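Please read the structure below before turning to the comments.
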2 protein chains.
Amino acid sequence: MKDNLDVECENVHSFIQDTLYVVNGKWKLVILSILVNKGTRRFGELSRESGISPRILSRELHELEMNQLISRRVCNTKPVTVEYSSTEYAETLKEVIGAMIRWGQNHRKKIKGQ
Amino acid sequence: MKDNLDVECENVHSFIQDTLYVVNGKWKLVILSILVNKGTRRFGELSRESGISPRILSRELHELEMNQLISRRVCNTKPVTVEYSSTEYAETLKEVIGAMIRWGQNHRKKIKGQ
DNA sequence: GTAACTACTTACCACTTTGTAACTGGTTAC
DNA sequence: GTAACCAGTTACAAAGTGGTAAGTAGTTAC
């Protein structure tokens, strides 16, 4: 038996790899952090807000949708708009996203201080 | 003012990017999860345990050392061995690593169940 | 001296990921 | 018709990432 405050698994690193397989790349967690923390966005809004080019954004959104982390809704507006939202399942990533945001904030402070 | 249970920042995603900049790629979090959760390892041990080739492992360890997340110690053993350990600063990543491990475990369950 | 073990490093190649720019197709406003 | 806006897609190029195999260098065992 191990310390049950720690994760109890022989191959802890394989679970890390499973997670990375789903949220790999430079952008997926960035997109999810926006949709999860700030809510629904349209395609163009997401592109401008995150700085991701349409080509990449389109592909990342497809992959996130395939993994059931976001949902896509076409709206009958004047020019057709498309809304992307995080799903319930994406909410389970909140812990990961939150931890990374906090670490990033702290790390920036640390770097500035040096 | 925002809900202070959430992260309060306009550009939440920039902090995610800061974090990803440090722990980018396929392997850095895998290496850190081993060193943080399971303790000091030698070069060869790390390579075998994680399945990372010497070339990549060497480069990743350099980068982690530059970011002060791991420390390197040369030991005066029969053939010289080198020990890598996580630093105090790497402990601050425990929240991120733990969250990713738990999500990976849960995700694997979910996928299996489908 | 030769083989074996440690910890890397180098050369080379392949695949993946990302980016830029331009273009498609549909609708609305003038 | 022309311009403008939306949501993408396509073509192409550049950069990043990863892998294999072999080599270096130091020490030990035979």
Side-chain angles (χ1 to χ4, degrees), chain A residues 13-14 16-35 39-67 69-86 100, chain B residues 13-14 16-35 39-67 69-86 100:
Chain A
H13 62 274
S14 66
I16 293 274
Q17 290 179 299
D18 290 347
T19 301
L20 288 176
Y21 184 76
V22 176
V23 295
N24 58 9
K26 206 173 162 179
W27 296 118
K28 288 199 188 68
L29 282 170
V30 171
I31 295 168
L32 285 170
S33 75
I34 293 175
L35 296 181
T40 297
R41 289 286 188 279
R42 296 202 324 242
F43 185 87
E45 289 175 331
L46 260 183
S47 180
R48 281 186 295 277
E49 192 167 341
S50 61
I52 312 178
S53 67
R55 192 183 88 92
I56 305 298
L57 182 56
S58 174
R59 199 197 51 201
E60 301 286 30
L61 290 172
H62 275 303
E63 291 179 21
L64 288 170
E65 207 188 345
M66 285 200 319
N67 281 314
L69 292 170
I70 62 169
S71 62
R72 182 180 183 274
R73 194 169 76 88
V74 180
C75 309
N76 288 328
T77 45
K78 321 102 184 223
V80 169
T81 55
V82 180
E83 282 181 2
Y84 291 93
S85 313
S86 58
M100 291 189 77
Chain B
H13 61 276
S14 66
I16 293 273
Q17 289 178 300
D18 290 347
T19 301
L20 289 176
Y21 184 77
V22 176
V23 295
N24 58 10
K26 205 172 161 179
W27 297 118
K28 290 200 186 67
L29 281 170
V30 171
I31 295 168
L32 285 170
S33 74
I34 294 175
L35 296 181
T40 298
R41 289 287 187 280
R42 296 202 324 240
F43 185 88
E45 288 174 332
L46 260 183
S47 181
R48 281 186 296 275
E49 192 168 341
S50 61
I52 312 176
S53 67
R55 191 183 86 94
I56 305 296
L57 183 56
S58 175
R59 200 195 51 198
E60 300 286 343
L61 289 172
H62 276 302
E63 291 179 20
L64 288 170
E65 206 187 347
M66 285 200 320
N67 282 313
L69 291 170
I70 62 169
S71 62
R72 182 179 183 274
R73 196 169 75 88
V74 180
C75 309
N76 289 328
T77 45
K78 323 96 182 227
V80 168
T81 55
V82 181
E83 281 180 2
Y84 292 93
S85 314
S86 58
M100 291 189 76

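Labels below follow one simple rule: chain letters A, B, ... track the order of the sequence lines, proteins then strands, and each chain is numbered from 1. Every value quoted in this text rests on a predicted model; they were computed, and no experiment measured them. As a basis for the values below, the full set of heavy atoms in this structure was taken, side chains included, without hydrogen atoms, waters or symmetry mates.
Here NE2 of B/H62 is found 10.0 Å from CG of B/L57. Values are rounded to the nearest 0.5 Å. B/L35 CG to B/L64 CG: the interatomic distance, rounded to the nearest 0.5 Å, is 8.0 Å. A distance of 9.5 Å separates CH2 in A/W27 from CD1 in A/I34, rounded to the nearest 0.5 Å.
No option in B/R41, B/R73, B/R42 other than B/R73 meets the side-chain hydrogen bond (donor to acceptor under 3.5 Å, both in side chains) test with B/E83.
For the pair A/E65 CD and D/dA7 C1', the computed distance is 14 Å after rounding to whole Å. Per the geometry, CG belonging to A/L64 stands 14 Å off P belonging to D/dG8, to the nearest Å. Protein atom CZ of A/R73 is 14 Å distant from nucleotide atom P of D/dG8, rounded to whole Å. Atom NZ in A/K78 sits roughly 12 Å away from atom P in D/dA7 (whole-Å rounding). One can place CG of B/N76 at 13 Å from C1' of D/dG26, the figure rounded to the nearest angstrom. B/I31 has its CD1 atom 14 Å from the P atom of D/dT17, to the nearest Å.
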Exercise. Encode nucleotides 4-20 of chain C as B, S and - characters from 5' to 3', where the letter depends on protein heavy atoms closer than 4.0 Å: B to the base, S only to sugar-phosphate, - to neither.
Key: --SSBBBBB-----BBB
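Counting only distance, with no hydrogens or angles, the side chain of A/S33 and the backbone of A/V30 share a donor-acceptor pair below 3.5 Å.
With contacts defined as side-chain heavy-atom distances shorter than 4.5 Å, the pair A/E60/A/I52 does not qualify.
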